Structure formats: C-alpha cells, structure tokens
There are 2 protein chains.
Amino acid sequence: MTFSRPVEDEVDRLVAAWKQERPDLDVTPLEVLSRVSRLSRHLERERRAAFASHDMESWEFDVLTALRRAGEPYELSPGALLRATLVTSGTMTNRIDRLAAAGLVTRRPDPEDRRGVLVRLTPAGMHRVDAAFADLLRRERELLAGLEQHEQQALAALLRTLLVPFDTSDAATH
Amino acid sequence: MTFSRPVEDEVDRLVAAWKQERPDLDVTPLEVLSRVSRLSRHLERERRAAFASHDMESWEFDVLTALRRAGEPYELSPGALLRATLVTSGTMTNRIDRLAAAGLVTRRPDPEDRRGVLVRLTPAGMHRVDAAFADLLRRERELLAGLEQHEQQALAALLRTLLVPFDTSDAATH
DNA sequence: TCGATTTATCTCGACGTCAAGATAATGAAG
DNA sequence: CTTCATTATCTTGACGTCGAGATAAATCGA
C-alpha cells in the first residue's frame with residue numbers, strides 16, 4: 001500500500017502537454033505505450049554500458065544468449081535466431097558472419113535440410129556470454145529495486161497480456 | 001478478477017529455458033525487462049506500419065510531435081528536442097536538416113543565445129503530424145484493448161516507477 | 001576583467017539494420 | 001514426375017544512429 005505519488009516522469013509531462021494542446025483527443029494510450037518505448041530506450045543504454053566492461057556488443061549478446069539457453073548442443077538455425085531476436089534475416093546473416101569471424105560461433109550446413117545452416121556456440125562464446133549474463137542480471141535487479149516482488153509479478157503479467165498477440169499470431173520471418 | 005492464464009508468451013519460454021540451463025541463476029528480472037524490450041520492438045514495427053500510410057517516418061513523427069505538443073509558437077531548441085526524443089545531438093542535427101529540407105520545420109538563430117537555434121513547426125508540418133497522431137492513437141488503443149481501464153492505469157503506474165530514476169537524475173545531453 | 005568550465009550545436013566516419021530481391025531446396029498436389 | 005507455392009538463407013544498397021571531437025558562445029569565480 002503506497003500513498004505517495006508526487007513523482008512525475010517525462011510521460012506525465014508529455015501527457016499533460018497534449019491535454020493542453022489537444023483537449024479533444026484521448027491520449028491515455030500514451031500512458032502505457034510511451035512509457036514502454038522510453039523505458040526500453042533507457043534499458044538499451046544501460047545494457048550497452050554493462051556489456052562494455054565485457055567488451056561485448058549488445059547485438060552479440062542477443063545472439064549468443066539465444067544459443068546458450070537453447071542448451072546442448074547450443075546450436076540453432078539462423079531462422080530460429082532471428083525469431084528469438086526480432087531482427088530481419090539480412091541482419092542475422094550479418095551478425096553470424098561477424099560472430100563466426102570472432103570465433104564465438106561456428107556455422108555448418110544442416111545435414112537434414114540442404115537449404116539450412118546450423119549455428120553453434122563455441123566454448124569461447126559460451127564463456128563470454130555466461131560472464132556477461134551474470135553481470136547483466138545483477139544490474140537489471142538493481143533497476144527493478146524500486147518494485148516489490150509482487151509488483152514485479154503484476155507488471156510482468158500485464159506486459160504478457162500485451163505481448164501474447166504478437167508472439168502467437170505471427171511466426172514472422174522478416 | 002481473471003482465472004485463466006494458460007497463455008504463454010515468448011518470454012515465458014525464454015525464462016523456462018534459462019531455468020533449465022542455469023538453475024543456479026535467478027532470472028526473474030527478465031520477466032519484466034525482456035518483456036519491455038520485446039514489446040517495444042513490436043510497437044516500433046507497428047508504428048512504422050501506421051506511419052507508412054501517412055508517408056511519414058517514425059523519426060520524423062517523434063520530432064514533429066515534440067514541437068506540436070509544446071504549443072504556440074511550436075518552437076523548441078535542438079537540445080530540448082533531443083532530450084524529448086532520447087537521441088544524440090548528432091542525430092538531432094541530422095533530423096532537423098532533413099525536416100527543414102522537407103519544409104516541415106524551419107530553423108532560426110536564437111535571439112537570446114548566440115550559440116543556440118530554434119526549430120519551429122511549419123503549417124505543413126503541423127498538418128502532417130496532427131493527421132498521423134490521430135491515427136496512431138487509434139491503433140494504439142487497439143493494442144491495449146486486451147487490458148481493462150484499471151489495468152492500464154496500474155501498468156502505467158508501475159512503469160512510471162521504473163522510469164522516474166532515468167527521467168530525473170540525468171538531464172543527459174548525449 | 002580574465003581564464004576556466006560548461007553548454008549548445010554541428011561535423012564526420014564507422015557501423016548496424018532494414019527492405020527488397022536473388023538463389024536454391026523442400027513440400028504439396030495432381 | 002512436374003509444377004507451384006513455400007521456406008531458408010544470403011546479397012546488396014540505402015539509410016539512420018552513434019560517438020568523438022570541433023567550434024563558439026555563455027557563465028562562473030577569483
């Protein structure tokens with residue numbers, strides 16, 4: 001039970017400005033969606049900073065992480081990787097090229113489908129991602145320190161509701 | 001009061017995979033923060049699609065919107081604009097250049113500060129942004145249709161808590 | 001008033017992403 | 001078996017963003 005709410009964020013100001021300028025419009029959708037976008041941008045900056053100390057780029061982490069959590073043998077197709085990371089196929093090809101050049105993944109033809117390719121995490125890649133991930137979790141925990149456990153759960157559940165339509169409907173290849 | 005929760009999103013699967021692979025780590029921060037990032041990416045795609053029909057880019061909209069809601073005389077400095085849009089100064093210079101070339105804004109020296117510049121929305125820019133904004137709100141309302149009014153408010157409040165530290169502490173110039 | 005610091009904007013090269021299209025293999029239908 | 005639609009990956013060029021640094025004006029302090 002919290003009683004104080006004197007604190008404003010940028011979105012409060014933004015919404016107030018719109019109400020002033022366009023009182024005819026109902027801008028309440030911004031209360032949620034602008035906050036999601038802005039928070040995501042701030043988080044991305046934090047991630048960048050966190051990874052810098054591990055000499056890793058945030059796009060590298062996204063790919064390596066997907067492979068890592070896939071479990072043995074830490075191998076996925078480019079298609080699976082692009083669905084996990086929400087980037088286009090061209091972007092994923094490019095990312096895999098560079099990760100392979102850095103020795104963090106290997107690429108081999110899929111023996112079951114001659115169109116396909118399989119990307120596998122190397123021991124070096126595994127080591128890198130594990131270190132960075134532990135650090136990221138530590139930092140993310142701090143960012144969430146302002147919320148009680150049950151608030152975090154409530155927040156997660158609400159976000160899930162918004163996310164489900166995206167994650168189910170389209171198996172978008174892009 | 002809702003009892004059903006059979007529905008999973010991609011983050012549920014992602015968290016389950018991590019628990020399998022690294023049971024020693026507490027990955028609950030991902031429940032919130034991965035969802036924010038992923039949702040933001042999906043929203044960005046939606047925005048792109050929404051603006052396409054108005055023949056407008058999403059970066060253009062961000063700048064024009066900031067000017068529009070500032071009210072008469074619809075004029076802000078590049079510094080104010082970059083803080084509103086969370087981009088770097090180099091990016092903002094570039095954006096203003098292109099918007100000015102398109103006739104949607106004008107740029108003039110700040111009479112009060114010879115280092116400064118003032119960017120003003122033109123009538124054409126105003127017209128464009130008003131049309132696009134109305135459309136965006138309509139689409140965003142649909143995205144939120146899965147949540148009751150009070151759920152949206154709760155969600156907004158929780159997000160605000162996470163956002164406040166970013167929006168207060170740093171007046172980051174970048 | 002002078003020098004040092006801060007603030008505001010711009011420049012430029014490196015880089016990552018996207019969109020569209022190319023290639024090639026697979027799967028489905030008759 | 002042949003044709004057609006689909007799927008998987010890669011190629012390419014255009015584009016927007018970032019980061020670092022340059023310039024110049026304003027502000028602060030002794």
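Everything quoted here is computed from the prediction, not taken from an experiment. Within every chain, numbering begins at 1; the chains are lettered A, B, ... in the order of the sequence lines, protein sequences first and strands thereafter.
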Original post:
So is A:R13 actually on top of A:W18's ring, under 6.0 Å and inside 45° of the axis?
Top reply: no
Original post:
Please give, in whole Å, the distance from C:dT9 P to B:L76 CG?
Top reply: 11 Å
**OP:** To the nearest Å, give me how far apart CG (A:L118) and C1' (D:dA8) are.
**Re:** 12 Å
Original post:
From D:dA26, C:dC10, C:dT9, pick the nucleotide closest to the side chain of B:R114?
Top reply: D:dA26
Subject >> Separation of atom CG in B:L99 from atom P in D:dT17, rounded to whole Å >> reply: 10 Å
Subject >> Integer-rounded Å distance: D:dT9 C1' and A:I96 CD1 >> reply: 9 Å
Original post:
Using 4.0 Å as the upper bound for N to carboxylate O, is an ion pair formed by B:K19 and B:D24?
Top reply: no
Subject >> SB check A:D110 A:R114 (cutoff 4.0 Å) >> reply: no
Original post:
With the threshold set at 4.0 Å, does a side-chain nitrogen-carboxylate oxygen contact exist between B:R68 and A:E21?
Top reply: yes
Subject >> Comparing A:P78 and B:E112 on DNA chain D - which has the more 5′ nearest nucleotide >> reply: A:P78
**OP:** Establish, from distance only, whether the side-chain atoms of A:S37 and A:S40 form a donor-acceptor pair under 3.5 Å.
**Re:** no
**OP:** Would you indicate whether the side-chain heavy atoms of A:R45 and B:F166 approach each other to under 4.5 Å?
**Re:** no
Subject >> Protein proximity profile, nucleotides 11-18 of chain C - base contact B, sugar-phosphate-only contact S, no contact -, cut-off 4.0 Å on heavy atoms >> reply: B----SBB
Original post:
When you look at B:E44 and B:R47, which way does the salt bridge (charged side-chain N to carboxylate O under 4.0 Å, His left out) test go after all the steps?
Top reply: CA-CA 5 Å; B:E44 187 51 36; B:R47 277 165 52 98; 3.4 Å; yes
Subject >> Minimum-distance nucleotide (side-chain atoms of A:D113 versus C:dC10, C:dT26, D:dT9) >> reply: C:dT26
**OP:** Using atom CG of B:L81 as one end and atom P of C:dC10 as the other, report the distance to the nearest whole Å.
**Re:** 11 Å
Original post:
Should the pair B:E10-B:R38 be classified as a salt bridge under the 4.0 Å nitrogen-to-oxygen rule?
Top reply: no
Subject >> Note, B:D130 side chain near A:R22 side chain (heavy atom, < 4.5 Å) >> reply: yes
**OP:** Nearest whole angstrom, please: distance from the C1' of D:dT23 to the CZ of B:R115.
**Re:** 12 Å
Subject >> Terminal axes of the helix from C:dT1-D:dA30 to C:dG30-D:dC1 (five pairs each): angle between them, nearest 10 degrees >> reply: 30°
Original post:
Atom CG of A:L82 to atom P of D:dT9: distance rounded to whole Å?
Top reply: 8 Å
